[in-house]
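All ligand and atom numbering here is 1-based and tracks the order in the structure. Computed from a predicted structure; not experimentally measured.
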Amino acid sequence: MTIIYKAHILYTKEQNHFEVLENGYIAVKNGIVVGVSTDLSAFKSQCPNAEVVDFADCLLIPAMNDLHVHAPQYRNQGIAMDLELLPWLQNYTFPEEMKYADLDYAERMYRRFVRDLWRLGSMRSCVFATIHTASTRLLMHLFQEAGMGALVGKVAMNRNCPEGLCESVEEMVEGYEMLINEELGMKNLVRPIITPRFVPSCTPEMLRACGELAAKYHLPVQSHLSENKDEIAWVAELEPESTCYGDAYDRYGLFGKTPTIMAHCVWTEGEELELMKRRGVVVAHCPTSNFNVASGMAPIRKFLDEGLRVGLGSDISGGHDLSIFKMMVYAIQVSKMHYQQNHEIPFLTLSEAFWLATKSAGSFFGRVGSFEPGYEFDALVIDDSDLNHDNYSLLHRLERYIYLGDDRQIVHRFCRGQEIKEPHV
Ligand code: GUN
Ligand code: FE
């Protein structure tokens, strides 16, 4: 079945350039983009029976992708900003995550979390859950029920954490195998992702078991890397044979053997950067988290120039804002702080930030994040009439929406061609 949507269409095929179709049409067949055009007759001759849905003066853009977020930290969003990473984890984060042994609590919180991702237009997410298999399974089902894409990680951890958040290697493997069985029938929109929390939380045996699971079941991997200087020093102590933090993952098959996302990479350079390039490891840039936990500023321009793939992450609750639109703004602002320190480092442009959030991040989920033929139709319809009070150009309308807008202007959301209605809480 083919549907043709009419709206002002904006997307980024390339990092440095917006495609803009004023009063454009996009044809979508079985959830997949057939093409875009300003000429309806081109599509009408190809598929004469296609229904045309007119979004009038609205903007139509690819949906947002969140490459790094912690669902069980949702209650802590917007609080506990007074510590750096390691004491922040011990004092605020671990006590909250322990509550997810309680399935009722998990359901209450996870429903809100998924609803709010929906509200803000994030149709695909890479999510950390907790060690608890039952509540992680529940979270997978909530995404599935909503029709939203997610890679969901049961968090592996067995050292330097409270007893309630420790699990044996055997329990971790057993739990993952249960979730992998659960995935069958989920049509690939929701999948498990192997998730060692970070090196300080996982013994070598745990890291090895994670690497073996990823290889055995062809599952992607996510973790944290080089976020904070105390963390990096601790990893050097815990894994003295590793030549850098990234190497401590690499030696256990957790650094690009299967598709891999590393969050933060604030202090990644030299050998670690070279290793990431060689292994094709993807960076999840989480600018608000880097501010709040006082970690530093990730050198995104350098990563892009070196050819690393980068996406944006909200990192709730290190980050306080779940909106990927706002992550674009923060990413640009961080890059301007780098520029202030060194004028030879050009700051990010709007099209680059948009591309990071859509096509670049989306590629982790398949052909997602653009409106080129063959892409899955993940899209948002934005009615910005309340922000467009003085005949702005289409690009300025998009820019104003990114800087000033919120969920109130998002009037339709699509994931893989399906319109996604508000998940009930
Ligand atoms: N490193 C290990 N765990 C975490 C976490 O929950 N949040 C952040 N920001 N960094 C981490
Ligand atoms: Fe994180």
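- Considering every non-hydrogen atom in both G164 and I131, the closest pair reads O-CD1, 3.7 Å.
- Between L85 and ligand 1 there is a heavy-atom distance shorter than 4.0 Å.
- Among the atoms of Q73, some N or O lies under 3.5 angstrom from an N or O of ligand 1.
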After noting the C-alpha distance and the side-chain angles of K154 and E171, does the key distance pass the salt bridge (charged side-chain N to carboxylate O under 4.0 Å, His left out) rule? CA-CA 11 Å; K154 168 186 153 70; E171 286 168 317; over 6 Å; no
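- Residues Y245 and F198 place their aromatic rings such that the two centres sit no closer than 6.0 Å.
- When distances to the Fe ion (ligand 2) are checked against a cut-off of 2.8 Å, H264 contributes no N, O or S atom below that limit.
- The two residues H70 and I316 have their closest heavy-atom pair at CB-O, 3.1 Å.
- Proximity of L89 to ligand 1, defined as any heavy-atom pair under 4.0 Å, is confined to the side chain (atoms from C-beta onward).
- Remark: distances from the non-hydrogen atoms of F128 to ligand 1 are all 4.0 Å or more.
- Ring centroids of H8 and F55 are separated by 6.0 Å or more, keeping the two rings apart.
- The proximity of E231 to ligand 1, defined as any non-hydrogen pair under 4.0 Å, does not occur for either the backbone or the side chain.
- Some N or O of D315 is nearer than 3.5 Å to an N or O of ligand 1, by distance alone.
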